[in-house]
Amino acid sequence: MKYTQLGRTGLKVSRLVLGTMNFGPQTDEADSHAIMDAALAAGINYFDTANVYGWGEDKGRTESIIGTWFAKGGERRDKVVLATKVYGNMGADGEAWPNHDKLSAVNIRRAVEASLKRLQTDYIDVYQFHHIDRSTPFEEIWQAVDVLIQQGKILYVGSSNFPGYKIAQANEIAARRGGTIGLVSEQCLYNLAERRAEMEVIPAAQEYGLGVIPWSPLHGGLLGGVIKKEVTGGRRASGRAADTLADPTARAQIQAYEDLLDKHGIEPGEAALAWLLTRPGITGPIVGPRTAGQLESALRAAELELSDELLTGLDEIFPGPGPSPEAFAW
């Protein structure tokens with residue numbers, strides 16, 4: 001496993017990030033523990049979760065599964081760079097009591113304490129804002145963060161789903177306050193089929209020294225060989241992938257993608273992950289395996305070298321927006 005610094009920090013993290021969103025809803029506790037053991041054995045040290053994972057009445061379940069895994073000992077907690085998130089409504093019925101969601105100082109404090117309890121740990125390495133909060137000023141957010149850092153409950157702070165201007169605003173306010181390192185990472189939707197992050201988010205992250213952690217690297221399964229799986233009787237497309245394939249033009253694009261990779265003898269899902277590892281500013285994509293086999297595929301992708309010819313072919317099928325701001329300015 002290769003490692004890199006997380007943005008401008010001294011923290012070393014693996015080039016693959018273990019996403020845990022499936023732990024609980026789709027993968028039971030025993031299998032989730034086995035996947036985490038296998039990931040750690042393979043050298044993946046960056047684990048990502050969120051307080052809302054588990055969803056519905058089971059919100060918090062994913063953090064609890066990670067917590068019982070940490071409780072097994074064997075230096076599990078010491079070896080893992082643990083990232084979780086705050087923002088979402090934690091009410092099982094979908095109704096948030098006032099101040100029980102988003103990024104007010106009171107909710108950040110409450111959410112950290114609840115996550116620490118579920119995770120069975122006394123600190124979180126990277127505490128991430130799951131979304132922007134249009135109602136809470138960053139001065140308040142950073143004040144709450146400073147207290148938690150001083151208490152040793154969190155070490156670094158990251159963002160998720162932030163636009164470029166909010167990354168800039170957050171870090172400029174942090175710099176003016178002094179003593180606050182500001183955002184060190186950004187999780188964003190980014191993959192071959194969805195490259196809008198190249199317009200503003202990734203340039204802002206690079207300018208301010210944030211590591212970029214792409215989520216949904218296979219775009220909801222669309223880049224994982226979905227057409228081939230349909231033909232061979234495998235798992236059918238659903239959600240975002242199914243909606244996209246309903247468009248004949250988009251389906252032809254995905255078919256061209258799969259044909260190109262078949263020509264090069266590379267599995268589509270592995271190529272999509274490997275492509276992200278070639279992109280400037282990318283720390284590592286989040287892989288969210290439901291099974292041990294899916295984890296093994298992701299690990300192969302981390303060692304895959306894509307030829308210049310293949311990279312050119314991928315750009316032709318999925319052209320990016322081009323450099324910013326020229327792509328939209330002139």
Side-chain angles (χ1 to χ4, degrees), residues 1-23 36 39 42-53 62-63 66 80-88 115 124-132 154-164 166-168 170-171 181-220 223 269 272-289 295 298-299 301-302:
M1 179 57 59
K2 297 181 177 67
Y3 299 88
T4 188
Q5 308 298 128
L6 180 62
R8 64 187 184 282
T9 76
L11 190 64
K12 292 183 179 179
V13 295
S14 49
R15 294 298 315 274
L16 290 180
V17 181
L18 181 68
T20 62
M21 189 170 65
N22 290 319
F23 294 176
M36 287 187 280
I44 296 177
N45 75 334
Y46 197 2
F47 288 20
D48 176 75
T49 191
N51 60 353
V52 294
Y53 290 173
T62 303
E63 285 188 333
I66 297 170
V80 166
V81 174
L82 174 63
T84 192
K85 306 183 193 76
V86 58
Y87 179 87
S115 285
I124 294 163
D125 295 282
V126 186
Y127 200 53
Q128 301 161 121
F129 308 135
H130 212 160
H131 199 277
I132 62 170
I154 64 175
L155 303 182
Y156 303 95
V157 179
S159 57
S160 182
N161 306 307
F162 271 36
K166 279 293 181 181
I167 291 173
N171 275 15
I181 191 172
L183 300 174
V184 303
S185 63
E186 160 61 17
Q187 276 190 29
C188 61
L189 176 60
Y190 182 48
N191 54 57
L192 270 166
E194 176 49 86
R195 296 179 61 170
R196 284 179 292 178
E198 295 174 3
M199 298 285 279
E200 292 285 356
V201 175
I202 293 175
Q206 289 182 285
E207 186 74 20
Y208 283 94
L210 279 66
V212 177
I213 315 293
W215 61 266
S216 195
L218 304 187
H219 207 53
L223 301 173
L273 287 171
W275 177 83
L276 281 168
L277 292 171
T278 70
R279 304 303 299 166
I282 301 302
T283 300
I286 297 175
V287 296
L295 175 62
L299 291 170

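Throughout, residue positions are numbered sequentially from 1 according to the sequence presented.
At least one side-chain heavy atom of Val13 sits under 4.5 Å from a side-chain heavy atom of Leu11. Cys188 is not listed as a side-chain neighbour of Asn161, based on a closest heavy-atom distance of 4.5 Å or more. A 4.5 Å side-chain heavy-atom check between Ser185 and Val212 finds every atom pair outside the cut-off. Using a 4.5 Å heavy-atom threshold, the side chains of Phe162 and Val201 count as separate. Residues Met1 and Leu16 meet the side-chain proximity criterion, which asks for heavy atoms closer than 4.5 Å. Between Thr4 and Arg15, the closest side-chain pair of non-hydrogen atoms falls below 4.5 Å.
Test Val17, Ile282, Val126 against Ile213 for side chain to side chain contact (heavy atoms under 4.5 Å, CB included) and you get one pass: Val17. If you run side chain to side chain contact (heavy atoms under 4.5 Å, CB included) between Val81 and each of Ile44, Leu155, Asp125, Ile124, only Asp125 comes through.
Nearest heavy-atom pair across Trp215 and Leu189 is NE1-N, 3.3 Å. Contact detail for Gly19 and Ile286: the closest heavy-atom pair is CA-CG2, 3.4 Å. When all heavy atoms of Gly269 and Leu218 are compared, the closest pair comes out as O-CD2, 3.5 Å. Minimum interatomic distance between Pro217 and Leu223 (heavy atoms only, all atoms of both residues): O-CD1, 3.7 Å. Shortest non-hydrogen contact noted between Ala39 and Leu18 is CB-CD2, 4.0 Å. Minimum heavy-atom separation, Tyr190 to Pro214: O-CB, 3.6 Å.
A donor-acceptor pair is defined here as one N or O able to donate and one able to accept, closer than 3.5 Å; such a pair exists between the side chain of Asn171 and the backbone of Leu183. In terms of modelled atom types and a separation under 3.5 Å, the side chain of Asn191 and the main chain of Ser216 share a donor-acceptor contact. In this structure, the side chain of Ser14 does not engage the main chain of Tyr3 through any donor-acceptor pair within 3.5 Å. Between the side chain of Asn22 and the backbone N or O of Gly288, at least one donor-acceptor pair lies under 3.5 Å. Looking at Gln5, its side chain does come within 3.5 Å of a backbone N or O of Gly10 through a donor-acceptor pair. Glu198 places no side-chain N or O within 3.5 Å of a backbone atom of Glu200 that could act as its donor or acceptor partner.
Between the CG atom in Leu210 and the CD1 atom in Ile202 there is a gap of 11.5 Å [rounded to 0.5 Å]. Taken from OH in Tyr127 to CG in Leu82, the straight-line distance is 11.0 Å, to the nearest 0.5 Å. Distance CZ/Phe129 to NZ/Lys85: 13.5 Å, rounded to 0.5 Å. Considering CZ of Arg279 and CH2 of Trp275, their distance stands at 4.5 Å, rounded to 0.5 Å. Here the CG atom belonging to Leu299 is positioned 10.0 Å from the CG atom belonging to Leu273, to the nearest 0.5 angstrom. The CG atom of Asn51 sits 10.5 Å away from the OG1 atom of Thr62 when rounded to the nearest 0.5 Å.
A side-chain donor-acceptor contact under 3.5 Å links Asp48 and Gln187. Side-chain atoms of Thr20 and Thr49 include a donor-acceptor pair closer than 3.5 Å. The closest side-chain donor-acceptor pair between Glu186 and Ser159 falls under 3.5 angstrom. No hydrogens or angles considered: nothing links the side chains of Gln128 and Ser160 as a donor-acceptor pair under 3.5 Å.
The number of heavy atoms from other shown groups lying within 6.0 Å of CD (Gln206) is above 12. Atom CZ of Arg196 sits in a sparse spot, with 12 or fewer heavy atoms from other residues, nucleotides or ligands closer than 6.0 Å.
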TODO: Would you check, one step at a time, whether the test side chain to side chain contact (heavy atoms under 4.5 Å, CB included) holds for Val184 with Leu6?
DONE: CA-CA 7 Å; Val184 303; Leu6 180 62; 4.2 Å; yes
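Ring geometry for Tyr53 versus His130: interplanar angle over 60°, hence perpendicular rather than tilted (30 to 60°).
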